[in-house]
Amino acid sequence: MDTEAGTWELILFVAESKDTGRHRAERLNSVFEKYLQTGYRIELVSLLDSPEKALQYDIIAVPTLIRLKPEPVIRIVGDFTDPCQLMNALGMPPPKNM
Amino acid sequence: MPFPLPEDKMTRQELLAEIDRLRHQLALLKQSNVADFLAVIEDSADGILVIDQEGKVLLSNPEAERILRRKKNELTGSHFGIPLTGGERIESDIVTPDGDLVPVELWASETKWAGQPAIRVSLRDVTEKHRIETALRESEAKYRLITETSPDCIWLMAPDLTITYVNAAVEKMFGYPPEEYIGTGLADHCDDETLEGVSRTIESELGKPPGQSAVILELGLKHRDGHVVPVEVSATIVYDDQGRVQCFQGISRDITARKKAFEQQQLLAAMVRHSQDAIYSKQLDGTITSWNRGAEEMFGYNVSEALGRRTDMLLPAGGKQEEDRILSAIAAGDDIETFETERLTKAGQVVTVSLSVSPIVDETGRVIGASSICRDISKLRQAMDALEKSETLLNETGEMARIGGWEIDLETNRVIWTRTTRAIHEVPEEFEPDLASAINFFSPEVRGDLEKAIHRLRQEGIPYDMELPFVTAKGRRLWTRAAGKADFLEGRCVRLFGTFQDITGMKELEEKRLKAEQQLRQSQKLESVGRLAGGIAHDFNNMLNVIIGYGQIISDRLTKEDPLRSYVDEIVTAGERSASLTRQILAFSRRQTLQPETVDLNALIKNLKKMLARLIGEDIVLEFYPAADLAPVRVDPGQMEQVIMNLAVNARDAMPEGGNLTIETANVILDPQYADSHMGVDPGEYVMVAVSDTGVGMAPQVMEQIFEPFFTSKEPGKGTGLGLSTVYGIVKQSRGNIWVYSEPGQGTTFKIYLPVTSDTPAKKVSRKIHSIQGNGETILLVEDDPALRRLCKKILTAMNYRVHAAENGLAALDLVSREGLRPDLVLTDVIMPGMGGKVMVDRLKEFCPGFQVVYMSGYTDNAIVHQGVLDPDTTFVQKPFSRETLGKTIQKVLTDDR
């Protein structure tokens, strides 16, 4: 599927409760809405709620954002406050006019 | 030194290639002092990771391994991830293999590893920092809560005295929300004086070392509504690192209530201090714990003497029991209401006090002592006693004078009577008077007048003062004097009050006085009439004596057959009748001379009964009730017979249809009271003779006049008008009294009172009738009236006496002293020009003592008249006398053995 080929899959691991984490995820959403032409899916994992998932992914520090798709897998640690830096790290430089 | 070793089995070639690579790297390391660099990394206090471009760990130091809870070989090659920090330190959490989170600060920088670009990640464990921060946050929150909920105003103030922080309490304290208060200056909230004081305090505190500059001030700060709130400010100065004043911080507390309480307490303390009452407190065992100035003055102990001692020292003898009672009541928590008792001063004086005692309790409500308020009421008591005494005196004197008081409160209509007023009314104790019932005690005929008077008093304030007949609750009739006045308040009559007096006694006295005055007037009138009549009668007497005397001589000389004889006898009879009239006038005018003897009136009346019966006729029944043991009186028996006869005749005339004539005698005692109310009566023992008839009686106006001479109620010609006048004169001259009681149709009673004498009645000498012939005895006749002298001489000569006549005393003396006349008897007038009869007799006796004396008188000397008597051994003939009277008297004197 085109969409499937183009859809990003992301997991965000946070240490906060789901509510605070959701706030962070929404901030990411707003960034992705803006810069990602393709679709994306982001999963929010709170270590307070699901620590086993962190172990499964060998998470060392949080917040960690993992881009599962498209390959290669990319792991980012940080607070993701700077959208440009974030997009750069994910290999999707934002347009120049931004 | 740790170094990454290939994990997987390698081929020999591969291994050799690897060794070559390592040798190469070692050479490079040696060239670039990498070993030193690694040593620095190893020792770093922060955790350090070197990460390749894909996020895999190339290198870790021990701190990183500790933080991450992973061993070096576990870390190397593990997927940490590409750090995105934007060049900043970010907060992150490390996930330990156990799933725990370790808070870290994470920052990253680009570096090179083995000639390749790499990322250096630094980690700092902030677990402790977070803990401290959390604690700090919690502590802050706690203090903020305290600050915000504090009722005191907590504030910060800049060095220029601008408020930089203030808590919510400011609104309640000063009326401003905190946000409005912040930014204002202290100067906006106080007056200049306060501001100046604050500045001075700051200045003086500035020099002190930090931490020692805590001051406490009391200030007045303005509330938003303008009133000044008293506050207590605790403040310190806060310095910065350089020692400059950073700010002032402090707490302001509203001390309005405290101030008020303090002022109240001060006021109370001042009141206690300055009270003239003794105010002191004590423990339950009586130990004194406070002692005011009033107590010092009242009891004489000063504070230092009193404190610690026991109140027993204030108890007079026998006061201990009372004190114990008080203390046990206090211990039970009871108040002792004010009561009167006695206390002892230091000087040993006992003072009367009013005392009240209240328990003192601690905060748990336990009674720990007592406070006493003690007032010296000795003077008050004295004043009350004096008042009581004066009230008693007023009451007693009121009772004596029978004067009471009354009051009507018109607001409540309450009537108040004093004790005496109640006593006069003779009402029972429970009787509650009101105005109407009070008026009803007065006799019906005067109630209207009294009501009018009260009405005028209430309307116009005109006082009244009335004498009113009154009937007590027990039915006694009294005379009372009621006087009233009124009190007005703002033109409205609010109160009536006045006096009420029993004047019955005074009224009676007044009536007695009026009666006595009337009696006096009456007797004065009779006196003057008598004087007039007496004066005329005197002259008549002498003339009648001449007429009768010569008439008798002529008659004696004429034979019985002589036709002139009857004429002469008529003349003599008329003369004698005239003489009788004259005698009556003289009797009335009390100018006749009485010859009193001690007389038993019962015997006298008994002797008279036969004649009286004839006098009053058969239609009238005469009754005589003699008193047993009737006391003797000293009267002229002949005159007294005359009195009884006159009264009997008077009674007879009052009973033309017949009736009863009653004569009674009685011994009576006239007391001073009777004497007071009866004009001319001396108190003493009297014999009363009452002559009563059942006749027509008399009207009062007639009674007033019956003793007047020539007053008669009888038909013309029936009476002389002299009968009762004669009675009156004789009784009066005998020192007696006569009263008449009569009412028309009810008969009349005359009561005669004669003073009792201590003498016993003389035995009646039977009067022998001698033929009137003398034995030639010598008589010296002294008479100033020539006609009478001549007549007497003629009569006596005719009776065979040798008569020597003299016209006055001197002539008589001449006869005896010069001519040697020795009379057997001297017949003399009492009153003569020049020497009186009695004086002359005394002088004559100096020459010849042996003669007898007979006095003649018609008009006697006042002195004799008033006494009414001559010496008992003198003999007396009343002019005008008849020949027989004169002859018999002289014969008797000359023949009686004396």
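In this text the structure is predicted, and so the values were computed from the model without any measurement. In what follows, chains are A, B, ... by sequence order, proteins preceding strands, each numbered from 1.
Val95(B) and Ala54(A) get closest at one heavy-atom pair: CG1-CB, 4.5 Å. For the pair Leu101(B) and Ala15(A), the tightest heavy-atom approach, listed with the atom from each and the gap, is CD1-CB, 3.6 Å. Taking each heavy atom of Gly78(A) and Ile90(B) in turn, the nearest pair found is CA-CD1, 3.3 Å.
The contact between Ile59(A) and chain B is made by backbone and side chain atoms together, counting heavy-atom distances below 4.5 Å. Looking at Pro103(B), neither its backbone nor its side chain comes within 4.5 Å of chain A, counting heavy atoms on both sides. If you measure heavy-atom distances from Ile94(B) to chain A, the contacts under 4.5 Å come from both the backbone and the side chain.
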When the side chains of residues 173-184 of chain B are checked against the rest of the protein, which donor-acceptor pairs come out under 3.5 Å, sequence neighbours left out?
unit_1: Glu180(B); atom_1: OE1; unit_2: Arg224(B); atom_2: NH2; d: 2.9
unit_1: Thr184(B); atom_1: OG1; unit_2: Tyr181(B); atom_2: O; d: 2.5
unit_1: Thr184(B); atom_1: OG1; unit_2: His189(B); atom_2: NE2; d: 2.9

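Between Ile82(B) and Val77(A), the closest side-chain pair of non-hydrogen atoms is not below 4.5 Å.
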Could you list each donor and acceptor atom pair linking chain B to chain A at less than 3.5 Å?
unit_1: His79(B); atom_1: O; unit_2: Arg75(A); atom_2: NH1; d: 3.4
unit_1: Ile82(B); atom_1: N; unit_2: Arg75(A); atom_2: O; d: 2.7
unit_1: Ile82(B); atom_1: O; unit_2: Val77(A); atom_2: N; d: 2.6
unit_1: Leu84(B); atom_1: N; unit_2: Val77(A); atom_2: O; d: 2.5
unit_1: Gly86(B); atom_1: N; unit_2: Gln85(A); atom_2: OE1; d: 3.3
unit_1: Ser92(B); atom_1: OG; unit_2: Val62(A); atom_2: O; d: 2.3
unit_1: Asp93(B); atom_1: N; unit_2: Val62(A); atom_2: O; d: 2.9
unit_1: Asp93(B); atom_1: O; unit_2: Val62(A); atom_2: N; d: 2.6
unit_1: Val95(B); atom_1: N; unit_2: Ile60(A); atom_2: O; d: 2.6

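Ranking Ile66(A), Val62(A), Ile76(A) against chain B, the residue ahead of the rest is Val62(A), based on heavy-atom pairs under 4.5 Å.
For the atom pair CG of Leu75(B) and CD1 of Ile60(A), the computed distance is 6.0 Å after rounding to the nearest 0.5 Å.
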